[in-house]
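What follows is a set of notes on a single structure, which appears directly below.
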Number of protein chains: 2
Amino acid sequence: MPSIKDVAKLAGVSIATVSRVINNSGKVSPERRSRVIEAIEKLNYQPNLLARGLRQQKTRLVGCLVPDVENLVFARLAKYLEEFLSAHGYSVILCNTNNDKNKEKNYLSVLIQRKVDGIIFSRVSDESILFMSSYFKQVPYVVLDRTLEIEFAPTVKLDNFLGGFLAAQHLVEMGHRHLACITGPLKIRLCRERLEGFREGLKVAGIDLHSEYIFESDFKINGGKEAALKMLATGGGLPTAVFAHNDMMAFGAMQAFRDKGLDIPKDISVVGFDNIPICEVVSPPLTTVAQPFEEMARLGVELLDSLIKGEEVTQKIMLVKPYLVIRASTAPPRVV
Amino acid sequence: MPSIKDVAKLAGVSIATVSRVINNSGKVSPERRSRVIEAIEKLNYQPNLLARGLRQQKTRLVGCLVPDVENLVFARLAKYLEEFLSAHGYSVILCNTNNDKNKEKNYLSVLIQRKVDGIIFSRVSDESILFMSSYFKQVPYVVLDRTLEIEFAPTVKLDNFLGGFLAAQHLVEMGHRHLACITGPLKIRLCRERLEGFREGLKVAGIDLHSEYIFESDFKINGGKEAALKMLATGGGLPTAVFAHNDMMAFGAMQAFRDKGLDIPKDISVVGFDNIPICEVVSPPLTTVAQPFEEMARLGVELLDSLIKGEEVTQKIMLVKPYLVIRASTAPPRVV
DNA sequence: CTGTTAGCGCATTCAA
DNA sequence: TTGAATGCGCTAACAG
C-alpha cells in the first residue's frame, strides 16, 4: 500500500505538497500539481483515513445504534440514515443493540474509542441513557424516535399523540362508537402518547375509551393475536373497530379475528401504525398511520451534521407529523 | 479526552507500562498494574483505536456491502452479520449499495481508505467485481449468497438448485402435475439455479416444465401479481401449483389469484422462497423454501475471520442447504 | 520488570 | 509557493 511518501518521491516533491494537492489546500503550482496527480494515479494511492483522523481529530464516522435492524421499522430507518449520512460524507458504524443494555453500553464505548464524530440513537433504553450521559459531553449525538426523559437532548421524533388522534378521528368519522386499542408496552412513552392521542380523538367525539378495551401487548404478531383473542373472550361485546400500535400487532389481530369467522372490515375494522410495505399485501390491505421515516432520517442527519460542525442550532427538538393511509381494513360499522 | 500519557503521568509510570496493562502483554508488577488501572478508571480513559489501528496496521473493522437493508432478506443477513462480527470483536461499517454500481465502487474505495480488515459482499454486481478485483489483493473478503463468475473467490452461498428441487418435490408429492414458476431476473445466476432445480425436481417425476409456464419477474410484490395475471390470461389452462422465487412475489401472486376468486390452496397451491417472518401471517400462511440466514452469516464471518488471521483455509466455497417449511398455502390439487 | 524511542501516515505549522 | 519538522496516540523493539 503506497503512502503519501511514495507519491512524493515519485512526483519529486515533498509530502506537504502532496497533502496540499489531495486536500486542495494552499497554493500549488499547476506543474507540480499535475505531477502529483499523475503519481497518485500511477500508484493507485489511497489516503489512509486512520492517519488523517488521528491527525485531524475527526473521522467522518457516525455510529448508529438501533434496537433491531431486522425489524422493518428500523431496517427502514437504518437504510435512510445510511443514505443521508453517506451523502454527507460520513461512513456509518452499525450497532444492533437487540434491546440489550449491556450491548448498548459496550457499543457506545467502542464508538467513543473509534472516535466517531457523532452518534445517532434510535429507541435506546432509558437505563443506557444514564450511562451514556457521561459521554454526551464528548461527542455530538441525536436521539431518534425516542423521548429522553432525563435531559434536554437533540431529538427528532414522531408526533405519536397525533398518530393516535388521526386513527381515532378516522374511525369516528366512519361511524364507529365502540372501539378498542391494542397498545405496545406502556412503559414506553411513545405508546402512552399514541394511546392518549387515540383517547383524545374519541373524547372529542364524545366517546370514552374504557380501560377494559385497552389491551397492552408487545409489538409482535403473536401479541396482537393474543390481544384479539382476549377481546373476543370478554363478555362486554366486541368493539366495531380496533387500533393497534403497530402493523405487526394489527396483522396478528386480523388473523385471530378471521380465524373466528369474522369479516374485516364488515364485522370489525382494524387500523395499524407504521405503514410497513406488507400493509398493501395483506388481505384486506391495512389502513394505518404512516411514519415518515425518510424525513425523520433526513432531519436527524442534518441536525447531527450541524452539531458536529459546531453550528448554532436553534431548533433542537423536532416533531414530525404522521399521516393516515386509508386502505380496505376499515369501513363503517355494520348497521344493526 | 485523556491519552495514554495522562494515565502514565497520573500512575507515575511510563506509557509503555500503561500499554502493557491495557493489552495484557509483557510482565508488569502487580503494584504498578493496580496503580495504572486506578488511573485509567479515575480518568475514564478510553484507548484511541485510530492510533492503535495506525500502529498495528489492523483495525478490527469489517465492511459489509449489501444491496438493500430494507429488504427483509438482507436486513436479516445484516443483523446476523453484525451479531457474529461483533462477537468476534469487529465493528461493522454498513454500506447500502442500492444496486448502484457507482455506489458500490465508491464504498469499496472508502473501505480501503478506512483500512478495514476485511469485507463481506452480499449480492454485489458482476460489473463491480471487476473493479473490485484490483483491491482483492489488498484485503481479505468473503462473498455471500452470490456466485462470482469471474474468479475463484471465498464464498458462502445457498444451494439454490436444491431449493428449487425441494419445492418441486413437495408439489409433486402432493399430486400436482401441472405447474408454473415465477422467477426472479434470469440474468441473476441464483434465479437460474432455482429454476433448474425446480425443473429437475419435476423431471424426476416425469413432468416437463413448459416454457410458457415460466414467468420471469423482478422479486417484487407487484411483479408477482403481474405474473399471476399473465398466468390467468393464458389460454393453456391454469396450473394447479406455482413456485415463486421469493416470498414477496408469492404474496403478490396469491393476492392476484384471490382477487380473481380463486381459493388458495384449493384451486391453486403456492410455494415461496426465503421464509421471511410475514409468511406466517399472511392468509393462508405460505409454504416456502427457507434460507438459513443465521448459518450463512456465521459461516461467512468465520471464514472471513480465518482469512484475516491468515489461517490456512482449505474449504473456501461453502454451500448451505435450504429446507422446506410447509404451511397452508399448499395442498393436493382438486380432484377433477 | 521497566522506560526510552521510533515510527505508523498524515496535516499543519514555520521558515525559507 | 515550497519543504522540513512536529506531533496526533499508540505499540513494539530495544536497552537497561
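By convention in this document, chain letters (A, B, ...) are assigned in the order of the sequence lines, proteins followed by strands, and residues within each chain are numbered from 1.
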Using a strict threshold of under 4.0 Å (side-chain N to carboxylate O), is an ion pair present between E31(B) and R35(B)?
yes
Atom pairs under 3.5 Å, N or O on each side, protein against nucleotides 12-15 of chain C: can you list them with distances?
| from | atom 1 | to | atom 2 | distance (Å) |
| --- | --- | --- | --- | --- |
| dT12(C) | O4' | R55(A) | NH1 | 3.4 |
| dT12(C) | O4' | R55(A) | NH2 | 3.2 |

Calculate the interatomic distance between K115(B) atom NZ and dC8(C) atom P; express it in whole Å.
14 Å
Nearest listed nucleotide, side chain of I4(B), among dG3(C), dC10(D), dC8(D)
dC10(D)
In this structure, how many angstroms lie between the P atom of dA16(C) and the NZ atom of K27(A), rounded?
24 Å
As a quick check of understanding, evaluate side-chain contact (heavy atoms from CB on, under 4.5 Å) for V139(B) and I119(B), giving each step before the final call.
CA-CA 7 Å; V139(B) 56; I119(B) 299 180; 4.1 Å; yes
Gap between atoms CG and P, on L54(B) and dA11(C) respectively (whole Å)
12 Å
Is the phosphate of dC1(C) approached by T17(B) (side-chain N or O, under 4.0 Å from OP1 or OP2)?
no
I want to check one thing: is the phosphate of dG9(C), taken as OP1 and OP2, less than 4.0 Å away from some side-chain N or O of Q113(B)?
no
Presence of K5(B) side-chain N/O under 4.0 Å of dC10(D) phosphate oxygens OP1/OP2
no
Donor-acceptor pair, side chain of N71(A) and main chain of V69(A), under 3.5 angstrom
no
Looking at A153(B), is its backbone amide N or carbonyl O close enough to the side chain of T155(B) to form a donor-acceptor pair, meaning the two atoms are under 3.5 Å apart?
yes
Between C1' on dT2(C) and CZ on R33(B), what's the gap in Å once rounded to a whole number?
13 Å
Between dA12(D) atom C1' and N24(B) atom CG, what is the distance in whole Å?
16 Å
Let's go through K115(A) and M1(B) carefully: what are the C-alpha distance in whole Å and the side-chain angles of both, what is the deciding distance for side-chain contact (heavy atoms from CB on, under 4.5 Å) to 0.1 Å, and is it a yes or a no?
CA-CA 10 Å; K115(A) 303 296 168 205; M1(B) 289 275 225; 3.4 Å; yes
From the candidates dC10(C), dT2(C), dC8(D), the one with an atom nearest any side-chain atom of S3(A) is dC10(C)
Protein-nucleotide distance (L50(A), atom CG; dG7(D), atom P), rounded to Å
22 Å
Which residue lies toward the 5' end of DNA chain C, V28(B) or I22(A), if each is placed at its nearest nucleotide?
V28(B)
Between CG of N48(A) and P of dG7(C) the distance, given in whole Å, is 18 Å
L111(A) and L65(A): CA distance, side-chain angles, deciding distance, side-chain contact (heavy atoms from CB on, under 4.5 Å) verdict
CA-CA 10 Å; L111(A) 292 178; L65(A) 268 78; 3.4 Å; yes
G26(B) or P2(A), whichever maps to the more 5' nucleotide of DNA chain C:
G26(B)
Is the number of heavy atoms from other residues, nucleotides or ligands within 6.0 Å of NZ (K9(B)) greater than 12?
no
Picking from dC10(C), dT2(D), dG3(D), the nucleotide nearest the side-chain atoms of R52(A) would be dC10(C)
For L319(A) versus L158(A), what's the shortest heavy-atom pair and its separation?
CD1-O, 4.0 Å
Would you indicate whether the side-chain heavy atoms of D305(A) and E302(A) approach each other to under 4.5 Å?
no
Within 45° cone of Y90(B) ring axis and under 6.0 Å: R60(B) NZ or CZ:
yes
Rounding to the nearest 10°, end axes of the helix from dC1(C)-dG16(D) to dA16(C)-dT1(D) built from five pairs each make an angle of 50°
Given dA11(C), is OP1 or OP2 found less than 4.0 Å from the side-chain N or O atoms of Q57(A)?
no
Closest listed nucleotide, where the reference is the side chain of R32(A) and the choices are dC10(C), dT2(C), dT2(D):
dT2(D)
